[in-house]
Structures are given as structure tokens and as C-alpha cells.
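The structure appears right after this line, and notes come after that.
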2 protein chains.
Amino acid sequence: MIPQQLPATAAPVPGGRVCAHPDRAEIRLEAVLHALSDPMRLRVVRTLAARGVEAACSEVELPVSKSTCTHHFRVLRESGVISQTYRGTSKMNALRRADLEALFPGLLDSVLAAADRQDGRLGGVTGLVRA
Amino acid sequence: MIPQQLPATAAPVPGGRVCAHPDRAEIRLEAVLHALSDPMRLRVVRTLAARGVEAACSEVELPVSKSTCTHHFRVLRESGVISQTYRGTSKMNALRRADLEALFPGLLDSVLAAADRQDGRLGGVTGLVRA
DNA sequence: CTCGTAGTTCGACCGCCGACGTACCATCTG
DNA sequence: CAGATGGTACGTCGGCGGTCGAACTACGAG
């Protein structure tokens, strides 16, 4: 489902591969919290935050299969946490910091800080790969 | 499961009905986020926060059956978000503000603020009962 | 054109989760 | 004691969610 209907009238990318993002007004707090409550997805978000810039799916190493990986990135995108754009053969992911900050001020940062703290407490078991 | 083993040496309450809470060090961020990502539970937390003091289960009106209600309160307790104590025939619930603040500074407040904001945006559909 | 890399899609599996009703227990009030 | 009130325990049901493998598509490099 969600077959991303797009008329040929708008072709932002040469190849024309685009995926649907919720716009700012559609982002729901419960969905964001749910997205962040999964260890894998939280790890993705932390990695993206640590880099500061966008990263390809394959650059965020997750101990799961490719299809599961795709699944998690989609959940993050559909909940409004990240945005995804195709760049050549790979897909770049970026945190939607501005949107999240506008909707839920301080939320993302406190979650990230909380994750870091907990990581420290538990001795880094939570598993964020440090560059 | 989790049959709350407690020796008779400590009897804090006359009747002796107690329930197990995770202590501060055991509270996990993912569990908290998961607990808060459910609309019903978020509603409970917001109601407790709005009151400032503890409230009985029956005082937090939820559009679900009694047993479902019990379930949600248990999830909140086991994730470390609330504490529960028996008081006479009813069970009092309180936010574990101090513990959450110590572990994840600012997190609870930003979630609560985010919920309020979203409530405003969506015209109060989210359904927090205002006293 | 061919190949390799990067993601996607599909179907399946299985566990968990939210919801319910019923039966039950604990406490207070008469 | 009896009854009422407030929660719990248990079993169940339906659906969602995380995981996988296999087949497939899209793009870039030779």
C-alpha cells in the first residue's frame, strides 16, 4: 500500500524516485514516541544525530537483515522523524530536526541526551557505534 | 509471572498488599518511550501531571474496561513511569518525577509540553479531560 | 551490455499487545 | 455477617510489529 502516486508534472530528481513524507502538521507525538521506542530505530536516530549530516542506510550499521532495515527506516520516515532522499544508488537519511523542534521543542534533544546518559550508566551496552 | 516475592520481615502496609516497582537504576529509556507512546497511557500520565498529586485509578477516566485499565497502569508502573500504592480499597498512582528527572532530565516535561501543544493544534481531540 | 551495489517488495512466521468478559479478592460500610 | 466498591487474574481474540529470505528494481562502474 501507499504506492506514492506522483504525476509526471513534478520531477525533482532525474530518475524520479521519491518517497512520501508526512508534512509538519501531520506528525503525531505518539507516532514519534513509538518510533523512538525501538532499540534499532533509536540507534539509527542517535547515529544520525552524532554525524550531524545525512547518512546512507548502509552507513548506519544495524545487526539485522536488509529488509528489516528498510522497515525501520520507513517507520522513522512515516512518523516524521527522518527524511529520505535518493542520491545515486543509495538513500540518504536526515533527522527532521527543524520540524521536530517546532512541534515538540526540546523533545528530540532530551531523548538523545537520555540515550547517551543511559549508555554511560549501562557501560555502552546499548550499542551506539562511535565514530 | 513476576510473583513479587517479599519476605514477611518488611510489612509497610497493614494489609500487606504491595506491588513491585523497578528501582531507578533499572528504568530503561526504551520502555519509558514505549509506555508513553500509547494514547491511553499518555492520557493517564498527562492527567497525573495536571493534578500534581497522586490519583486513584478510577479517578482517571479512560474509555476502556476495568481490566484494560489495570493493564495500562501496570505497563506504566513496570516501565518506571508511575508508582502505585494501595490506600484503603483503592490504588493511588503518582508520577515518578524525581526518578525520571534524574535519569532523563527534561524528558518528561518536553513530552508533556509536546502533548499539550499537539492538543492545541488538533483542537483538543487528543482527549485530556480538563478539571 | 554486464556486473555489482543499494534498497525495495512480498510473503511468512511468531510473539507481543491492547482489548474484552468473567470470576475472583480485598477493603470499607452497615 | 452482607453488600458494595475498586482492582486483579486469567483466558481469549484479533491485529500489529519485528524478523527473515528470496526475488526484484534502480543506479553507477567497467
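A/Arg41 has its CZ atom 12 Å from the C1' atom of D/dT19, to the nearest Å. In this entry the distance linking CG of A/Leu36 with P of D/dG18 reads 12 Å, nearest Å. Rounded to whole angstrom, the span from the NZ atom of B/Lys66 across to the P atom of D/dG7 amounts to 8 Å. As a whole-Å value, the separation of B/Leu62 CG from C/dC20 P is 11 Å. When the P atom of D/dG17 is taken as reference, atom CD of A/Glu78 falls 10 Å away, rounded to whole Å. Between the C1' atom of C/dA6 and the CD atom of A/Glu61 lies a distance of 16 Å, rounded to the nearest Å. Atom P of nucleotide D/dT19 and atom CZ of A/Phe73 are separated by 13 Å, given to the nearest angstrom. When the C1' atom of D/dG6 is taken as reference, atom CG of B/Asn93 falls 12 Å away, rounded to whole Å.
Residue-to-nucleotide contacts include no donor-acceptor pair under 3.5 Å from the side chain of A/Lys91 to the base of C/dG7. The base of C/dG18 has none of its N or O atoms less than 3.5 Å from a complementary donor or acceptor on the side chain of B/Thr68.
When distances run from any side-chain atom of A/Thr89 to the nucleotides D/dC27, D/dG21, D/dG7, the shortest one goes to D/dC27. Between D/dT19, C/dC17, C/dA19, one nucleotide has an atom nearer to the side chain of B/His34 than all others, and that is C/dC17. With distances taken from any side-chain atom of B/Met40 to the nucleotides C/dA19, D/dT8, C/dA6, the minimum falls on C/dA19. Distances were taken from every side-chain heavy atom of A/His71 (C-beta onward) to each of D/dG7, D/dA26, D/dG18; the shortest belongs to D/dG18.
Nucleic acid contact class of A/Thr70 (heavy atoms, under 4.0 Å, all strands): base. Using a 4.0 Å heavy-atom distance criterion, A/Ser67 is classed as a base contact.
In this structure, B/Ser58 reaches the D/dG7 phosphate: one of its side-chain N or O atoms is under 4.0 Å from OP1 or OP2. For D/dG6, the OP1/OP2 oxygens have no side-chain nitrogen or oxygen of B/Tyr86 closer than 4.0 Å. Applying the 4.0 Å criterion to OP1 and OP2 of C/dA6, one finds that A/Ser90 has every side-chain N and O outside that range.
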Chi angles and distances behind the side chain to side chain contact (heavy atoms under 4.5 Å, CB included) call for A/His34, A/Arg41: CA-CA 10 Å; A/His34 173 250; A/Arg41 291 193 290 259; 3.8 Å; yes
Audit row: A/Thr68, A/Ser65, side chain to side chain donor-acceptor pair (under 3.5 Å) steps and yes/no: CA-CA 5 Å; A/Thr68 304; A/Ser65 69; 3.1 Å; yes
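Judged by distance alone, the side chains of B/Glu54 and B/Gln84 never bring a donor and an acceptor atom under 3.5 Å apart. Looking only at atom types and distance, the side chain of B/Ser37 has no donor-acceptor partner in the side chain of A/Ser37 under 3.5 Å away.
Two residues, A/Asp38 and B/Arg74, neighbour DNA chain D, and the one matched to the more 5' nucleotide by heavy-atom proximity is B/Arg74. Taking for each of B/Arg87 and B/Pro63 the nucleotide of DNA chain C with the nearest heavy atom, the 5'-most of the two is the partner of B/Pro63.
A continuous path of Ile, Leu, Val, Met, Phe, Trp and Tyr side chains, each step under 4.5 Å between heavy atoms, connects B/Leu95 with A/Leu107, placing both in one hydrophobic cluster.
Side-chain contact between A/Met92 and A/Ser83 is absent, with no heavy atoms from C-beta onward closer than 4.5 Å.
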